[in-house]
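If you're wondering where the values come from, they're calculated on a predicted model, not measured in any experiment. A note on names: the letters A, B, ... follow the listed sequences, proteins ahead of strands, and every chain is numbered from 1.
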2 protein chains.
Amino acid sequence: MLNLLKITTPAFLDLLPPAVADQIIAASVLMKYSNGQLIHTRGSLKPGLSIVHKGAAHVGVNGIDGTFVMVAALGPGECFGEFTLFTELPRTHDISSIGESHIYQLSQYKFDILYQRESSISKALLKTTLMRTHILLEMLDAIRRLPILERTAKVLLSMLYTLGGSNVLRGRQDELAYTLGVTRVSLGKALKELSRLGLIEIGYAKIAIPDHAQLSDWVELNCGT
Amino acid sequence: MLNLLKITTPAFLDLLPPAVADQIIAASVLMKYSNGQLIHTRGSLKPGLSIVHKGAAHVGVNGIDGTFVMVAALGPGECFGEFTLFTELPRTHDISSIGESHIYQLSQYKFDILYQRESSISKALLKTTLMRTHILLEMLDAIRRLPILERTAKVLLSMLYTLGGSNVLRGRQDELAYTLGVTRVSLGKALKELSRLGLIEIGYAKIAIPDHAQLSDWVELNCGT
DNA sequence: ACTAAAATGATAAATATTTTACATTTTAGT
DNA sequence: ACTAAAATGTAAAATATTTATCATTTTAGT
């Protein structure tokens, strides 16, 4: 799954000292969800922190026409719902399970107790959130300033940083197209051109970047700063 | 100044108990900057929290061609630089003074001491950051999904929430155009159409919204969810 | 009141992007 | 190996947006 918010963002749970992570897990209820099942609904007022244990969660918004617009996919260790803990506002997104997932659910009450006691929690949460903000700003800037070709190259490069060693991005072109804010047709043209330049190799539901450095150089040269 | 990040975001300093805010101020150095003076440079490694006391700060990126691309303007009570405190990464933006400004500069060392002692600091910082993330997600979604007319209406409405009582947005059309990711010409057409619909009144470097509820209804009807 | 600068308004030609429709390739499951 | 489903490839017409200019309006400062 091509995943914007995952870029260079270490998972919340991995940022905590193991002992603290254990305490959070101990205070949580582990819930299981089947494929597509709703975990939280936009507008819901019940606060609480959720952390993915196994599987993954879809973050998105259900449009008026019933279409599900994806914002991000969150994997093991990643958290959501933190917005409700600190703002007293209703949930802003619909969250549903991708495949079967196991999610730790931590109530606001129990979260507050741990939060007060362990300062590592606020630090991990801030780091996660600040990295997300940073990625969103980069993304917004790319969409506003860069033509599709450059935008595509830049986002592909960013996404590559997630993968430890691999150089293959998995995901459908229409997903990537939505992330970039263009149609699949336009993305297709951009990918073809990047392929022609020898920067990427297009596959079936995947894109390979044979030479990270080469793409990096191209982006530096063509996308400014 | 039209300001994306200000929408519905209470300033960091206002979220703190007065006693804690005083402690932060006492631990800071108050620096003065003249119009256009650089406060921080992208790439700089020196961490620290900055809080606007008087005036305002430009957050942006200097493009290769020397153009200054604005990301946000921050006013009194608002903070920046928190990214450097929690990520050990270099600064991601150039920040410069708008007019004459007074900025509290707090070193990482002094910040850490206060942060450890007063949990209200992490709470305020998280609330600020999470609100910013939320606004960025909304913005990104609007740019990706909505045609210019709808996008314009939605962002104008969002911006209105900042202003306590007033219903006048001040700022140039080309600034707003950049925020929306379009040219001034395209924005001009959208504004004209919204004006024709009776939803806004276009002025010189300002836009008035005579009837908040009417615009709100229109956005609800035309922008989904 | 006058003037220069700043900001908006307006237009047409050039480009870029989407829409629509259908063809081809690839994969997973039998 | 075969088939249906999923994903990508392609092309042309329709639409949207930008670029480039110039005119007009508004403001701030004398």
| request: Mind checking Leu191(B) for me? I need base, sugar-phosphate or nothing, with any heavy atom below 4.0 Å counting as a touch. | output: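 It contacts nothing in the nucleic acid.
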The side chain of [X] is closest to which nucleotide in this list: [options]?
X: Tyr204(A); options: dT17(C), dT27(C), dT27(D); value: dT27(C)
X: Ile202(A); options: dT8(D), dT18(D), dT18(C); value: dT8(D)
X: Val185(B); options: dT26(C), dT18(D), dA7(C); value: dT18(D)
X: Arg184(B); options: dA7(D), dA10(C), dT17(D); value: dA10(C)
X: Val182(B); options: dT18(D), dT18(C), dT8(D); value: dT18(D)

| note | Of Asp174(A) and Pro147(B), the one whose closest nucleotide on DNA chain D sits nearer the 5' end is Asp174(A)
| query | Does one side chain, of Ser186(A) or Thr183(A), offer a donor that lies under 3.5 Å from an acceptor on the other? | reply | yes
From [atom1] of [X] over to [atom2] of [N], roughly how many Å is that when rounded to an integer?
X: Leu180(B); N: dT17(D); atom1: CG; atom2: P; answer: 12 Å
X: Glu201(B); N: dT8(C); atom1: CD; atom2: P; answer: 16 Å
X: Arg170(A); N: dT26(C); atom1: CZ; atom2: P; answer: 16 Å
X: Leu169(A); N: dA7(D); atom1: CG; atom2: P; answer: 17 Å
X: Arg172(B); N: dT8(C); atom1: CZ; atom2: C1'; answer: 12 Å
X: Leu187(A); N: dT10(D); atom1: CG; atom2: C1'; answer: 15 Å
X: Leu146(B); N: dT18(C); atom1: CG; atom2: P; answer: 14 Å
X: Glu193(A); N: dT10(D); atom1: CD; atom2: P; answer: 13 Å

Taking only N and O in the side chain of [X], is any of them less than 4.0 Å away from OP1 or OP2 of [N]?
X: Lys206(B); N: dT26(D); result: no
X: Gln173(A); N: dG9(D); result: yes
X: Ser186(A); N: dT17(C); result: no
X: Lys192(A); N: dT10(D); result: yes

| field | dA28(D) - base-pair partner by Watson-Crick or wobble geometry, distances under 3.5 Å | value | dT3(C)
| field | Opposite nucleotide pairing with dT21(D), Watson-Crick or G-U, both atom distances under 3.5 Å | value | dA10(C)
| query | Thr179(A) and Met139(A): which non-hydrogen atoms are nearest, and at how many Å? | reply | O-CE, 3.1 Å
| query | For the residue pair Cys79(A) and Leu74(A), what are the closest heavy atoms and their distance? | reply | O-CD1, 3.7 Å
| query | Under a 4.5 Å cut-off applied to non-hydrogen side-chain atoms, are Asp217(A) and Leu221(A) in contact? | reply | no
| said: Tell me whether the rings of His40(B) and Phe80(B) are parallel (<30°), tilted (30 to 60°) or perpendicular (>60°). | reply: perpendicular
| Does Lys154(A) pair with Glu138(A) as a salt bridge, N-O distance under 4.0 Å? | yes
